[in-house]
Amino acid sequence: SAPPVPLSLLASLPTLRIGGLIDIDTLYTQALSVTSDNSLVQNNLGHVLERQGKPAEAMLHFAEALQIKPDFVDALANMAVTLMEQGKTVEALSFYHRALIVKPDSGRLHWQLGLALASQGKSDDALQQFYEATKLAPQDSSVRVNLGLELARHGKLPESAEQYHEALALDPNSAETHNDLGMVFL
């Protein structure tokens, strides 16, 4: 007998064949019909719905996951991302802050909070978050790219170029990063 497949892994599949063709949101909906207080399933269904372009439905499931488990970092982050995509940055910021209270050592959360702050024009605060993200996730090229961009906005061109060089050392095939680095020198 094959080992069971975790539901979180199944979220990456648009359809699944189990004695017939089933879409993944149907699978999660079925799972919720037998375990309604499952924060993981609520969050994963929300993530699937968000990827399907149904943000309002997704947020209902993220909210339900947080009702069940208020400190569920993935649900907090997913709610924040979905709010950001809807242009609701102020609301998203509160979810990022809540997630960072639970998991302050997450480079990805600091990076996402930095992006949200930058979109609000809070460049100094964004820089602080990007610097923290580079400490916590030094091998993440996207963090370095965003730090480089924010440093360039501050007129700190040598520091910006250094971050782009670091990003290219991590991901040398990134045409976008090569382009961004070139823009620093224009």
Side-chain angles (χ1 to χ4, degrees), residues 39 42-44 46-47 49-51 53 55-56 58-172 174-186:
S39 61
Q42 290 284 0
N43 178 65
N44 289 350
H47 184 65
L49 292 166
E50 191 272 331
R51 286 180 31 200
M59 289 191 298
L60 292 173
H61 289 282
F62 298 143
E64 186 61 32
L66 293 169
Q67 187 75 25
I68 297 164
K69 187 176 178 190
D71 63 347
F72 189 7
V73 172
D74 289 346
L76 289 164
N78 285 337
M79 180 70 92
V81 167
T82 305
L83 287 164
M84 284 294 298
E85 289 172 355
Q86 301 225 310
K88 298 177 180 178
T89 307
V90 173
E91 294 93 332
L93 289 172
S94 72
F95 284 95
Y96 284 130
H97 286 295
R98 284 176 56 193
L100 280 166
I101 289 169
V102 179
K103 194 169 181 181
D105 61 344
S106 170
R108 177 141 307 272
L109 286 172
H110 283 281
W111 173 67
Q112 289 174 318
L113 176 57
L115 292 174
L117 291 165
S119 77
Q120 288 266 286
K122 298 178 179 178
S123 191
D124 289 335
D125 294 333
L127 264 179
Q128 183 180 28
Q129 294 303 318
F130 291 143
Y131 275 121
E132 186 64 21
T134 61
K135 287 185 217 167
L136 296 168
Q139 300 303 310
D140 188 335
S141 64
S142 58
V143 169
R144 301 236 177 234
V145 167
N146 287 111
L147 177 54
L149 176 64
E150 211 55 46
L151 286 165
R153 286 183 184 150
H154 277 257
K156 298 179 178 183
L157 302 183
E159 295 94 335
S160 173
E162 180 182 331
Q163 291 304 317
Y164 284 121
H165 283 293
E166 291 285 335
L168 287 169
L170 296 167
D171 183 8
S174 172
E176 185 176 350
T177 305
H178 281 282
N179 183 63
D180 289 350
L181 176 60
M183 297 300 284
V184 168
F185 297 108
L186 290 181

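The shown structure was predicted, so the numbers you read here are calculated from the model rather than taken from an experiment. Excluded from the calculations below are hydrogen atoms, water molecules and symmetry mates; all remaining heavy atoms, backbone and side chain alike, are included.
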Shortest non-hydrogen contact between V145 and A167, atoms and distance: CG2-CB, 3.7 Å
field: Pairwise side-chain contact, L149 with D180, heavy-atom cut-off 4.5 Å (strictly under)
entry: no
Which atom of F130 lies closest to which atom of W111, heavy atoms considered: CE2-O, 3.4 Å
message: Looking at every non-hydrogen atom in both residues, tell me the closest pair between G107 and A133 and how far apart they are.
response: O-CB, 3.4 Å
Check: H178 side chain, P172 main-chain N or O, donor-acceptor pair, under 3.5 Å: yes
message: Run L181 and L168 through side chain to side chain contact (heavy atoms under 4.5 Å, CB included) and show every step you take.
response: CA-CA 9 Å; L181 176 60; L168 287 169; 3.8 Å; yes
field: Any side-chain heavy-atom pair of L151 and Y131 under 4.5 Å
entry: yes
Value rounded to 0.5 Å, distance of CD in E132 from CG in D105: 9.5 Å
- request: Check whether any side-chain heavy atom of P138 sits under 4.5 Å from a side-chain heavy atom of R144, and report yes or no.
  value: yes
message: Does L76 form a side chain to side chain contact (heavy atoms under 4.5 Å, CB included) with L109? I'd like the steps, not just the answer.
response: CA-CA 10 Å; L76 289 164; L109 286 172; over 6 Å; no
statement: Interatomic distance, CG@L147 vs OG@S142, rounded to 0.5 Å, equals 11.5 Å
query: So, do E159 and Q163 sit near enough that their side-chain heavy atoms are less than 4.5 Å apart?
result: no
- line: Between A65 and F72 the two heavy atoms that sit nearest each other are CB-CD2, 4.2 Å
message: Any heavy-atom pair between the side chains of L117 and L113 that's under 4.5 Å?
response: yes
- prompt: What distance do F62 atom CZ and Q42 atom CD have between them, rounded to the nearest 0.5 Å?
  reply: 10.5 Å
field: Rounded distance (nearest 0.5 Å) linking atom CD of E64 with atom OG of S39
entry: 10.0 Å
statement: Nearest heavy-atom approach of S160 to V184 is OG-CG2, 3.5 Å
Donor-acceptor list for residues 96-104 side chains, cut-off 3.5 Å, not counting sequence neighbours:
unit_1: R98; atom_1: NH2; unit_2: P70; atom_2: O; d: 3.4

- line: One should read off an interatomic distance between H61 NE2 and H47 NE2, to the nearest 0.5 angstrom, of 14.0 Å
Pairs of donor and acceptor atoms involving the side chains of residues 80-90, under 3.5 Å and at least two apart or interchain, shall be tabulated with distances.
unit_1: T82; atom_1: OG1; unit_2: N78; atom_2: O; d: 2.8

Spacing of M79 atom CE and N43 atom CG [to the nearest 0.5 Å]: 10.0 Å
task: Walk me through it: do D124 and H154 pass the test side chain to side chain contact (heavy atoms under 4.5 Å, CB included)?
output: CA-CA 9 Å; D124 289 335; H154 277 257; 2.6 Å; yes
